[in-house]
Amino acid sequence: MAIQTKTQSAVDPQQGSAPTPLIAIASVIVSMALIAIGNGLMFAYIPVRLGAEGFDPTWAGLIVTGLSAGGLAGCILTGPLVRRVGHARAFMVLSALIALSNAAIGAGPHPLLWIVARALYGFAICGLFIVAQSWLNDALPNAIRGRVMAVFYVAYIAGLGVGYATLAVIDIHTAAASLIGIAFTALSILPVGMTRLAQPPAPRAASVALRQAWRISPVGVAGMLAVGGLSMIISGFAPIHATAKGYSQADVALLLSAMPVGTLILQIPLGWLSDRTDRRYVLAGAAALAVVASVLAVAFDGGALMALVVIYLIWDWAAESIYALSSAHAADRARKDELLALSSSMLFAWSLAGFIVPGIVTVLSAVFGTATFIYVGIVIASAFCLFVLWRVIAARPVPAAATGSFAPMSAQAPLPVELAFAPDEEGRHRSD
């Protein structure tokens with residue numbers, strides 16, 4: 001997805017027709033990609049370090065649950081923070097909180113401290129995505145918004161992959177992982193601190209109305225609930241389980257770094273298909289594929305690494321596709337004046353499931369072992385697939401002329417809540 005940085009410019013909403021150079025817009029994207037490198041490393045490092053130190057895997061599960069709880073708080077509290085200090089300052093404050101979280105991890109394997117540190121990280125990273133995406137949405141004209149936001153997602157997921165892979169080359173018994181995470185977080189502040197990208201107007205409050213969102217798109221809300229749980233257990237518990245099964249540090253790094261490949265590449269054909277048919281068929285197919293992949297993950301559990309890499313790549317791809325397809329399907333069914341509340345409500349649903357499901361998995365894992373997350377994944381994907389098929393029978397599809405265009409998205413990058421839009425702006429919300 002190439003962008004013409006020399007000839008093309010974005011319209012700055014604050015200056016009327018004055019162009020905003022894409023290099024200014026790129027500052028936000030580069031900042032998030034740099035943060036992603038440190039974030040990916042910390043995701044991989046924590047369960048491996050705890051395993052190497054002999055801690056029970058339940059601690060790693062509690063840390064994932066703490067992260068999810070922080071994310072839920074970030075979903076609720078980021079709006080007031082941005083209204084108080086603005087986008088740029090909020091971005092820097094949240095980045096500083098991530099650096100502080102990484103510093104606490106570097107203090108050594110103290111599980112209770114790590115739970116608090118990762119809760120702080122969850123709050124900050126959810127807030128950063130809301131700030132970054134609403135900032136970009138405000139600055140971008142319709143003509144290039146879809147392409148730039150696709151680059152935003154790809155850059156972040158690529159950064160996560162680089163961070164995962166970095167685990168293979170560090171000494172986990174030192175503070176190297178934390179120092180690398182802090183360094184990349186500090187670097188991420190520089191592009192935003194020096195950007196000439198105009199500050200959006202004071203953001204409007206985004207209400208959460210789950211009942212209204214369900215009325216608009218039951219499948220969209222159910223998809224966010226499903227993928228909120230699936231994405232957190234796959235990314236959070238896969239390294240915990242792999243470590244408990246005895247896979248090496250390098251093996252865990254390979255497994256995690258391969259998973260974003262599906263997100264980056266394989267969403268495109270599903271998106272192309274969903275733009276040309278009822279998205280619910282594609283959603284049901286993605287959920288069914290997640291079921292098959294998770295069943296295979298049980299069958300090959302503890303087996304050849306490369307077989308597991310392929311299985312988890314497909315499983316992660318299917319889950320990430322549910323996220324993007326559910327977002328597109330819900331946007332197809334909403335009016336423009338409903339989209340702000342809809343995106344806020346879907347973000348809340350995603351965050352809520354991302355908190356509850358890891359908590360359930362952590363409790364069950366203490367009794368049934370670290371493979372529990374795979375079975376929970378089977379239940380979630382199966383239930384969602386059946387629900388979508390029921391909705392196909394019960395409700396008519398959206399007419400083709402009323403649907404928007406699919407854009408690749410990742411459940412590791414929360415939905416954009418368009419905090420920066422003024423109530424009278426027209427035609428700007430379709431990018432949800």
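All values reported here derive from a predicted model rather than from experimental measurement.
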Original post:
Can you tell me how far OG1 of Thr370 sits from CZ of Phe237, rounded to the nearest 0.5 angstrom?
Top reply: 10.0 Å
**OP:** Mind listing the closest non-hydrogen atom pair of Ile170 and Tyr45 along with its distance?
**Re:** CD1-CD1, 4.4 Å
Subject >> Student check: side-chain heavy atoms of Thr78 and Cys126 closer than 4.5 Å >> reply: no
Subject >> Gap between atom CZ of Arg280 and atom OG of Ser326 - 0.5 Å precision >> reply: 12.5 Å
**OP:** Please check if the side chain of Arg391 supplies one atom and the backbone of Val219 the other of a donor-acceptor pair under 3.5 Å.
**Re:** no
Original post:
Closest heavy-atom contact between Pro109 and Pro111?
Top reply: O-CD, 3.5 Å
**OP:** Give every residue pair that meets the side chain to side chain donor-acceptor pair (under 3.5 Å) criterion with at least one member in residues 108-130, sequence neighbours excluded.
**Re:** Asn39-Tyr121
**OP:** Using modelled atom types only, decide if a donor and an acceptor are shared between the side chain of Ser257 and the backbone of Tyr164 within a distance under 3.5 Å.
**Re:** no
Subject >> Side chain Thr362, main chain Pro358, donor-acceptor under 3.5 Å >> reply: yes
**OP:** Starting at CG of Leu313, measure out to CE of Met259 and round the result to the nearest 0.5 Å.
**Re:** 8.5 Å
**OP:** Would you check if the distance from the ring center of Phe129 to the ring center of Tyr156 is below 6.0 Å?
**Re:** yes
Subject >> Expected output: side-chain Thr174 to main-chain Asp171 donor-acceptor under 3.5 Å >> reply: yes
Original post:
Can you tell me how far CG of Leu81 sits from CD1 of Ile76, rounded to the nearest 0.5 angstrom?
Top reply: 14.0 Å
Original post:
Do Tyr323 and Leu230 have side-chain heavy atoms sitting under 4.5 Å apart?
Top reply: no
Subject >> Distance (rounded to the nearest 0.5 Å) between Met346 CE and Ser351 OG >> reply: 11.5 Å
**OP:** Check Ala132 against Val28 and note the closest heavy-atom contact, atom names and distance.
**Re:** CB-CG1, 3.7 Å
Subject >> Minimal non-hydrogen separation, Ile105 against Ser178, with atom names >> reply: C-OG, 3.5 Å
Original post:
Distance from Leu97 atom CG to Leu128 atom CG, nearest 0.5 Å?
Top reply: 8.5 Å
Original post:
So, Asp251 side chain and Ser248 main chain: donor-acceptor pair closer than 3.5 Å or not?
Top reply: yes
Original post:
For Ile378 and Val291, which heavy atoms make the closest approach, and how far apart are they?
Top reply: O-CG2, 4.3 Å
**OP:** Just do the side chain to side chain contact (heavy atoms under 4.5 Å, CB included) check on Val298 and Tyr375 with the steps written out, would you?
**Re:** CA-CA 8 Å; Val298 173; Tyr375 296 95; 3.3 Å; yes
Original post:
What's the verdict on side chain to side chain contact (heavy atoms under 4.5 Å, CB included) for Val357 and Phe373, showing C-alpha distance, side-chain angles and the deciding distance?
Top reply: CA-CA 9 Å; Val357 175; Phe373 81 102; over 6 Å; no
Original post:
Do Leu283 and Phe384 come close enough that some side-chain heavy atom pair is under 4.5 Å?
Top reply: yes
Subject >> Any side-chain heavy-atom pair of His87 and Val192 under 4.5 Å >> reply: no
Subject >> Student check: side-chain heavy atoms of Ile233 and Ile374 closer than 4.5 Å >> reply: no
**OP:** For residues Ile35 and Ser31, determine if any side-chain heavy atom of one lies less than 4.5 Å from a side-chain heavy atom of the other.
**Re:** no
Original post:
When you look at Leu34 and Val30, which way does the side chain to side chain contact (heavy atoms under 4.5 Å, CB included) test go after all the steps?
Top reply: CA-CA 6 Å; Leu34 289 169; Val30 170; 4.0 Å; yes
Original post:
Are more than 12 heavy atoms from other residues, nucleotides or ligands located less than 6.0 Å from atom CZ of Phe300?
Top reply: no
Original post:
Would you say the side chain of Ile130 lies within less than 4.5 Å of the side chain of Leu347, judging by non-hydrogen atoms?
Top reply: yes
Original post:
Hey, is the main chain of Val64 close enough, under 3.5 Å, to the side chain of Ser68 for a donor-acceptor pair?
Top reply: yes
**OP:** State, with a plain yes or no, whether a side-chain heavy atom of Ile314 is found less than 4.5 Å away from one of Val310.
**Re:** yes
Original post:
Minimum heavy-atom separation for Ala353 to Gly229, with atom names?
Top reply: CB-N, 3.8 Å
**OP:** Could you please spell out the steps behind the side chain to side chain contact (heavy atoms under 4.5 Å, CB included) verdict for Leu67 and Met232?
**Re:** CA-CA 10 Å; Leu67 186 158; Met232 285 306 302; 3.9 Å; yes
